[in-house]
Participant: 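Attaching a single structure in structure tokens format; questions to follow.
Atom set for the values below is all heavy atoms of this structure, side chains included, hydrogens, waters and symmetry mates excluded. Counting starts at 1 for both ligands and their atoms, in listed order. Count residues from 1 along the sequence.
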Amino acid sequence: MSTKNIKIKQHGNGELPVSRRHFVQASAALVSLPFFSSNVRADVDAIPFTDITVNNLETEVIPTCSTFDCGGKCDIRAHVKDGIVTRITTRPDDALDEGMPIMRACVRGRGYRKFVYNPERLKYPMKRVGQRGEGKFERISWEEATTLIAQNVIRLTEQHGAASRFLTVNTAVTGGVFSGDTMLKKLFNLTGGYLPYYHSVSLGNTAKVTPYTYGIAKSGSSLDTLKNTPLVILWGHNPNETVFGHSNHYFQKMKKNGTKFIVVDPRYSDTAQSLADQWIPLLPTTDNALMDSMMYVIVSENLHDKPFIDKYVVGFDEEHMPEGVPANESLVAYLMGDKDGIEKTPEWAEKITKVPANTIRQLAREYAMTKPAALIQGWGPQRHICGERSARGSTLLAAITGNVGKNGAWAAGYGGIGNRQSMYGPDIGENPIQAQISIMNWMQAVEDASKVTPADGLVGVDKLDSNIKMIFSLAGNYLVNQNPDVNAAAKLLEDESKVEFIVVSDLYMTPSAKYADLVLPETSFMERWNIGDTWGAGSYFILSQKLIEPAFERRSDYDWITDVAEKMGVKAAFTEGRSEKEWIEYLVGVNKARFPERPDFPTFEQLLKTRQYLFKEKPFVAFEENIRDLANNPFPTPSGKIEIFSKRLYDMNNPDIPALSHYVPAIEGPEDKLTQAYPLQMLTWKGKNRANSTQYANPWLQEVQHQELWINPIDASLRNIKNGDMVRIHNERGISQIPALITERIIPGVVGMQAGAWWNPDKDGVDHGGCPNVLTSTRMTPLAHGNSHLTVLVEVAKV
Ligand SMILES: Nc1nc2c(c(=O)[nH]1)N[C@H]1C(S)=C(S)[C@@H](COP(=O)(O)OP(=O)(O)OC[C@H]3O[C@@H](n4cnc5c(=O)[nH]c(N)nc54)[C@H](O)[C@@H]3O)O[C@H]1N2
Ligand SMILES: Nc1nc2c(c(=O)[nH]1)N[C@H]1C(S)=C(S)[C@@H](COP(=O)(O)OP(=O)(O)OC[C@H]3O[C@@H](n4cnc5c(=O)[nH]c(N)nc54)[C@H](O)[C@@H]3O)O[C@H]1N2
Ligand SMILES: [Mo]
């Protein structure tokens, strides 16, 4: 696998930078400086400066950003006095918006001080003294810690080979161009390699399947192209909380301009609350039934875009099929029931989805008759066992209504935006190990790697030679807490004969850190240098500056990995002579060289003043070229067209990933027999007060939102549950106990809680933290071999 100069990041869609500035109290001179990008009004930006000069002449207000994986990339203002951050504010206004404004901090960003200054933070390196997972540690020196790491890495590599080394999911620094995780990969590449994993647990299912329709995954347009769109359907998309770059900025403006918003979500999400003209709740995993019946209405009422389909689409009816496929496999044949005898009417779908048939008719007509219209999916629907089908199903709707390649429309599917730039990280060299596992294989690769087969997702080799013997988790809580089966992971890791050496670096003693042999106290983003890259629709970068000195014995990952590299004899090749700050300086230069056509792209020295860099990109419509001139720009699919029927999928002959995405009842969905024992579907979602589990321990943010089980009054009364009652949520994998929140914001038959709360088991293994992942399953999606965290059946009872 080539890792040269490629930034390994979860969200694929990275961006470029921003610049920082010291608002030192220089007064009038400052106001005349060109603050930030030219689209920002100096008088607006001057507000905090005025504020500060009045109050305290020694305080600097420094624009910076975190490097978390939290959906946005905000300009936060750290007020620094005597080496201490005394206050956090944010960019004062979302500015004049010709172009894209740099984002302002939400409640998470405003709470950073309590993340960084928190008595619970780890202070010293520690070595496990009790049983694995027991949580007993003693303080050791960095010398001892780095020696233990070097010795164990060398010993286990000699015994089991380099493919026994594994780095697990760790998203908390993926919003920066430089991270300990990336540099540890560099150290491993220098010394034989490591076993890499593929699949983004965030978006991997939709990213894998979208190319079966369009040839590529990046099906998104820049959001400024939606300005005049009359109708937006947000399908399992909650940007009000998940942020997704600049979605809120554009959507709120569109709403003011009269765009109609419809939200399809089992929950009345914060986005439904703030944007929706209509909320359409449905049972999770039944999205394809709703889509199928919408297409039935569209086709039977002749509302589809015939000229568009004729020219660009494969698989619509029997006349538009690829060769070598028998009769009755087209979309129209499926909808009319030519093969299975079932017409996919709204009445058929109502029974499955719980959406009233007339609502389906109205939704279908409105989507097909409004031109253009944008059906935009979030990634919640694709983090299901049927997520590939529902992600691709949305592309069928877009294709038959001609909403592809057009200004104001949206091609659906993954939605990553094709023209966005991403900052390159360091060149970490080549990994000599050819094998790759899916992230969903890691537990099997610990247990018995010989059982990980290509059918399970093994790539590059036919079989693995060694079990995973050591795991590094740097800035992640996936080892245990965020992994889909917490109890299974914990049990596996408790056995010291399996994984022999586990290192966790974090700021807190997380549930995952408790399973480490060594726990290392990392610096926070305020205590080191980095560059923050934007997320989703954002398109800029921000200097994430070192603001304060690390206290106690906290060190950055790069720092201690350098010591390990020295002990392994490769320090010079590892550091290339650079300190952490020098790497950032160097990377600004590397990236500047990539953009010779952008003379305003800052040098590091300039970035120290400007702090931010906004890529002012032209509006971008996905697939515009293909639609304008198909002959010269065929879609990169086998047929050169949009494939709503995929011969490639047909040839796989797997009923779970049919050639034509359509409804198939999901395992642990509402039609599963398991509902007899566990009748409720359980959702998790990303909430406003943390990024996954990051900031879980922040007391301010805990006040923002409590961990509660959302349950509909109908389901609550059937179980005699009153609001606030302690309830027991259980299935065969685990038990969690938290208070119930009785609310009509969730559809009957479904319960849910926010993702990312810390696992807190009692001696009987009952979780009291509200960690949903004691209940979720490790079942893999059929095509991507991906995660299905959101597909779970449970029962709930009053404690
Ligand atoms: N505040 C905040 N923002 C975040 C994060 C965070 O932890 N906190 N995490 C970031 C990360 S790492 C990621 S990957 C993204 C994730 O972004 P998403 O995956 O889009 O976020 P989710 O909250 O998982 O899901 C979005 C919505 O889908 C709905 N949904 C769930 N199942 C179904 C279904 O079967 N059908 C339909 N129609 N809707 C369904 C949920 O109720 C939810 O409102 O968010 C990022 N942004
Ligand atoms: N039930 C359920 N589970 C899910 C999901 C879901 O939707 N539902 N979503 C999945 C998704 S999309 C994702 S991306 C994963 C996320 O899972 P992870 O990648 O594990 O992310 P976090 O839970 O935020 O854990 C990050 C850890 O890094 C620590 N940290 C923060 N900053 C630093 C730093 O500077 N240095 C170091 N060393 N540590 C730091 C934080 O304290 C935190 O403990 O969860 C997945 N799990
Ligand atoms: Mo994610």
Participant: Check whether any heavy atom of D265 sits under 4.0 Å from an atom of ligand 1.
Facilitator: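 Yes, D265 has heavy atoms under 4.0 Å from ligand 1.
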Participant: Measure S390 to ligand 1 on non-hydrogen atoms and call it side chain, backbone, both or neither using the 4.0 Å cut-off.
Facilitator: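 The answer is neither; S390 stays 4.0 Å or more away.
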Participant: Answer yes or no: is there an ion pair linking K546 with E580, defined by an N-O contact shorter than 4.0 Å?
Facilitator: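 Between E580 and K546 there is no salt bridge, as every charged N stays at least 4.0 Å from the carboxylate O atoms.
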Participant: Does ligand 1 have a heavy atom under 4.0 Å from the side chain of V243, from its backbone, from both, or from neither?
Facilitator: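 For V243, no heavy atom sits under 4.0 Å from ligand 1.
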Participant: Looking only at distance, does G380 have an N or O less than 3.5 Å from an N or O of ligand 1?
Facilitator: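 There is such a contact, yes.
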Participant: Based purely on interatomic distance, does R108 place a nitrogen or oxygen under 3.5 Å from a nitrogen or oxygen of ligand 1?
Facilitator: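 Yes; the residue has a nitrogen or oxygen that sits under 3.5 Å from a nitrogen or oxygen of the ligand.
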Participant: Scan residues 264-275 for pairs that pass salt bridge (charged side-chain N to carboxylate O under 4.0 Å, His left out), counting only residues two or more places apart or in two chains.
Facilitator: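 Qualifying pairs, neighbours excluded: D270-K688, D270-R745.
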Participant: Select one of side chain, backbone, both or neither to describe which atoms of T271 lie under 4.0 Å from any atom of ligand 1, heavy atoms only.
Facilitator: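 For T271, no heavy atom sits under 4.0 Å from ligand 1.
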Participant: With heavy-atom distances below 4.0 Å as the criterion, list the atoms of ligand 2 near L507.
Facilitator: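 Close to L507: 33 (C), 34 (C), 36 (N), 37 (C), 39 (N), 40 (C).
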Participant: Could you check whether the rings of F115 and Y508 sit parallel, tilted or perpendicular, using 30° and 60° as the cut-offs?
Facilitator: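 Correct class here is tilted.
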Participant: Side chain or backbone of K686 under 4.0 Å from ligand 1, or both, or neither, by non-hydrogen atoms?
Facilitator: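 For K686, the contact with ligand 1 is made by both the backbone and the side chain.
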Participant: Heavy-atom contacts under 4.0 Å between D69 and ligand 1: side chain, backbone, both, or neither?
Facilitator: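 Both backbone and side chain.
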Participant: Is there a polar contact between ligand 1 and W379, counting only N or O atoms under 3.5 Å apart?
Facilitator: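 Yes: some nitrogen or oxygen of W379 is under 3.5 Å from one in ligand 1.
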Participant: Classify the ring geometry between F472 and W560 as parallel (under 30°), tilted (30 to 60°) or perpendicular (over 60°).
Facilitator: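 Parallel.
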Participant: With a cut-off of 4.0 Å, which atoms of ligand 2 are near a heavy atom of N773?
Facilitator: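 Answer for ligand 2: 1 (N), 2 (C), 3 (N).
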Participant: Does any N/O atom on H237 come nearer than 3.5 Å to any N/O atom on ligand 1?
Facilitator: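 No - when backbone and side-chain N and O of H237 are compared with those of ligand 1, no distance drops under 3.5 Å.
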Participant: Show which atoms of ligand 2 fall inside a sub-4.0 Å distance from at least one heavy-atom site of S202.
Facilitator: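 Reading through ligand 2 atom by atom, the close ones are 12 (S), 14 (S).
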Participant: For atom NZ of K351, is the number of surrounding heavy atoms from other residues, nucleotides or ligands below 6.0 Å larger than 12?
Facilitator: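 At most 12 heavy atoms, drawn from other residues, nucleotides or ligands, come within 6.0 Å of this atom.
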Participant: Compute the minimum heavy-atom distance from L282 to ligand 1 and say whether it is under 4.0 Å.
Facilitator: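 Checking ligand 1 against L282, which is what was asked, there is a heavy-atom contact under 4.0 Å.
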Participant: Just to check, does R690 reach to within less than 4.0 Å of ligand 2 when the distance is taken from its heavy atoms?
Facilitator: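 It does not, in that no heavy atom of R690 comes within the 4.0 Å cut-off of ligand 2.
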Participant: R383 versus ligand 1: do any nitrogen or oxygen atoms come within less than 3.5 Å of each other?
Facilitator: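 By distance alone, the answer is yes.
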